[in-house]
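Here the structure is laid out as structure tokens; the discussion comes afterwards.
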Amino acid sequence: MFTEPEKENSLLQGLSLLSVPSGPFALSITGQIRNENGSTVTDALLTVTSRTYELDGLDTTATTDEGGRFFIRLASGTTTFAVSQEGSPYFIFKLQVNSPTDIQVVEISDNSFPVEVGSFVPYEPGNQPSFFELIDSDPQNQSTTQVGPSALYFYFTAPVFPPNQGQVATWLNQNFSTSPSLSLSSISFEGNSLYILTSGYSSQTTTYTITLGPGIISETGIPLSPRTISFTCEFPCGL
């Protein structure tokens, strides 16, 4: 099982040392939006439509970046967001902030397709953290195929720092966990993407889960936010 990046842990530990006021308080957080395929949602506009407390210095809008992340300053209590994309309504969600370590979505509505809102991290004002994210994959998350893919493709927000020569097999074993087990062999890097030759599929209908760990780092040294995707290969799962 993979652990969270040290970056996130240090942020949480630093903030948890601060005494949380008994009354309303403000907090800077980042969260992430992904669509029904597990792909990050870029350039989505989040607009605050209501909140429990009005405090000085709070933000009213935020926009997601390439990694699907938004950065915003909120108050404790419940905040309701209307999310739009390219000028059209996308969905509405309610976020409950109880403490720097207790941030959760309590409701998602008006969405035509499933969406993910999560990966919340609090941070100190003026010290916005950087992230290295999986943008998309092929096969996509929760997809179904009748042909076992000969390669797995992963697309990131930045180039991946490659393993040392002769360490590819070890690097794959440490950073890509597959269940049930698949054979991962040759790997290739191109820009912000990588692909891994893959074999060993069952002929029976099987759902495969692939977990990417924080040992995958960008060329600038930022660990990947851990991500798990799954896809189903239906009988006869021919290559």
Side-chain angles (χ1 to χ4, degrees), residues 2 4-5 7-8 11-12 26-52 58-98 100-123 128-143 153-158 192-193 209-212 214 216 218 222-231:
F2 297 111
E4 294 293 318
K7 166 172 60 64
E8 281 195 24
L11 285 168
L12 292 172
L27 184 69
S28 295
I29 69 165
T30 175
Q32 187 180 57
I33 300 176
R34 292 181 179 270
N35 64 19
E36 69 275 14
N37 299 316
S39 305
T40 57
V41 175
T42 303
D43 293 329
L45 175 64
L46 288 73
T47 302
V48 174
T49 59
S50 68
R51 50 183 154 217
T52 306
L58 301 183
D59 295 327
T60 58
T61 62
T63 303
T64 57
D65 61 16
E66 184 184 17
R69 284 202 165 274
F70 58 90
F71 298 82
I72 193 166
R73 188 158 180 80
L74 299 176
S76 55
T78 302
T79 301
T80 302
F81 293 92
V83 184
S84 60
Q85 195 173 33
E86 298 181 347
S88 299
Y90 189 11
F91 67 97
I92 294 171
F93 74 96
K94 293 183 179 180
L95 187 67
Q96 179 72 35
V97 176
N98 297 315
T101 56
D102 187 1
I103 305 168
Q104 56 187 310
V105 173
V106 294
E107 182 181 334
I108 295 177
S109 60
D110 292 2
N111 52 309
S112 300
F113 300 95
V115 292
E116 297 178 41
V117 185
S119 192
F120 299 112
V121 178
Y123 61 92
Q128 181 173 306
S130 297
F131 292 85
F132 179 41
E133 302 285 355
L134 178 70
I135 294 176
D136 201 357
S137 63
D138 185 8
Q140 291 185 310
N141 190 40
Q142 303 296 325
S143 64
Y153 292 81
F154 301 97
Y155 307 93
F156 303 91
T157 51
N192 292 3
S193 64
T209 300
I210 305 169
T211 302
L212 290 74
I216 304 168
S218 70
I222 301 173
L224 180 70
S225 300
R227 179 71 182 162
T228 297
I229 64 170
S230 64
F231 67 93

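Residue indices begin at 1 and follow the sequence shown.
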* To do: Apply the test side chain to side chain contact (heavy atoms under 4.5 Å, CB included) to residues I210 and F231: give CA-CA distance (whole Å), side-chain angles for both, the deciding distance (0.1 Å), then the verdict.
  => CA-CA 9 Å; I210 305 169; F231 67 93; 3.8 Å; yes
* Option passing side chain to side chain contact (heavy atoms under 4.5 Å, CB included) with E116 (candidates V41, N141, I108, T40) -> N141
* Least distance between heavy atoms, F154 atom then S137 atom -> CD2-CB, 4.1 Å
* Between T211 and T228, do the side chains contain an N or O donor and an N or O acceptor separated by less than 3.5 Å? -> yes
* To the nearest 0.5 Å, tell me how far Q85 CD sits from T64 OG1. => 7.0 Å
* Asked: Side chain of N192, backbone of Y155: donor and acceptor closer than 3.5 Å?
  -> no
* **side chain to side chain contact (heavy atoms under 4.5 Å, CB included) assessment of T61 paired with L46** => CA-CA 5 Å; T61 62; L46 288 73; over 6 Å; no
Contacts table for residues 32-39: side-chain donor-acceptor under 3.5 angstrom, sequence neighbours left out:
from	atom 1	to	atom 2	distance (Å)
Q32	OE1	R34	NE	3.3
Q32	NE2	G67	O	2.8
Q32	NE2	E133	OE1	3.1
R34	NH1	G38	O	2.7
R34	NH1	L134	O	3.0
R34	NH2	L134	O	2.7
N35	OD1	N37	N	2.9
N35	OD1	G38	N	3.2
N35	OD1	S39	N	3.0
S39	OG	D136	OD1	2.9
S39	OG	D136	OD2	3.2
S39	OG	Q140	NE2	3.4

* Asked: Do E66 and T157 meet the criterion of a side-chain donor-acceptor pair at a distance under 3.5 Å?
  -> no
* Structure fact -> Tightest non-hydrogen contact, residues P122 and L27, listed as CB-CD1, 4.1 Å
* **Spatial distance of atom CD (Q128) from atom OH (Y123) [nearest 0.5 Å]** => 4.5 Å
* With distance as the sole criterion, is a donor-acceptor pair present between the side chains of S50 and T80 under 3.5 Å? -> yes
* To do: For A26 and L58, work out which heavy atoms get closest and say how close.
  => CB-CD2, 3.9 Å
* Would a 4.5 Å heavy-atom cut-off, applied to side chains only, mark Q104 and N98 as touching? -> yes
* Structure fact -> Scanning both residues in full, the closest heavy-atom pair of P226 with P214 reads CG-CD, 3.8 Å
* To do: Hey, could you give me the CZ/CD1 distance between R227 and I229, rounded to the nearest 0.5 Å?
  => 8.5 Å
* Asked: If you measure from CG on L74 to CD1 on I72, what distance do you get to the nearest 0.5 Å?
  -> 4.5 Å
* Structure fact -> The reported gap from OG1 in T30 to CD1 in I103 (rounded to nearest 0.5 angstrom) is 10.0 Å
* Could you tell me how the ring of F81 sits relative to the ring of F70: parallel (under 30°), tilted (30 to 60°) or perpendicular (over 60°)? => tilted
* To do: Say whether R69 and S119, considering side chains only, have a donor N or O and an acceptor N or O under 3.5 Å apart.
  => yes
* Asked: Are the side chain of S84 and the backbone of S88 linked by a donor-acceptor contact shorter than 3.5 Å?
  -> no
* Please lay out, stage by stage, how I29 and L95 fare under the test side chain to side chain contact (heavy atoms under 4.5 Å, CB included). => CA-CA 11 Å; I29 69 165; L95 187 67; 3.6 Å; yes
* Asked: Nearest 0.5 Å, what's the CD1-CZ distance between I216 and F156?
  -> 5.0 Å
* Could you tell me whether the side chain of T52 and the main chain of T78 form a donor-acceptor pair under 3.5 Å? => yes
* Asked: Is there a donor-acceptor contact under 3.5 Å from the side chain of T79 to the main chain of R51?
  -> no
* Structure fact -> On a heavy-atom basis, the closest approach of S225 and F131 is OG-CD2, 3.9 Å
* Would you name the heavy atoms of T209 and S230 that are closest together and state the gap between them? => OG1-CB, 4.0 Å
* Could you check F113 against F91 for side chain to side chain contact (heavy atoms under 4.5 Å, CB included), going step by step and ending with a plain yes or no? => CA-CA 9 Å; F113 300 95; F91 67 97; over 6 Å; no
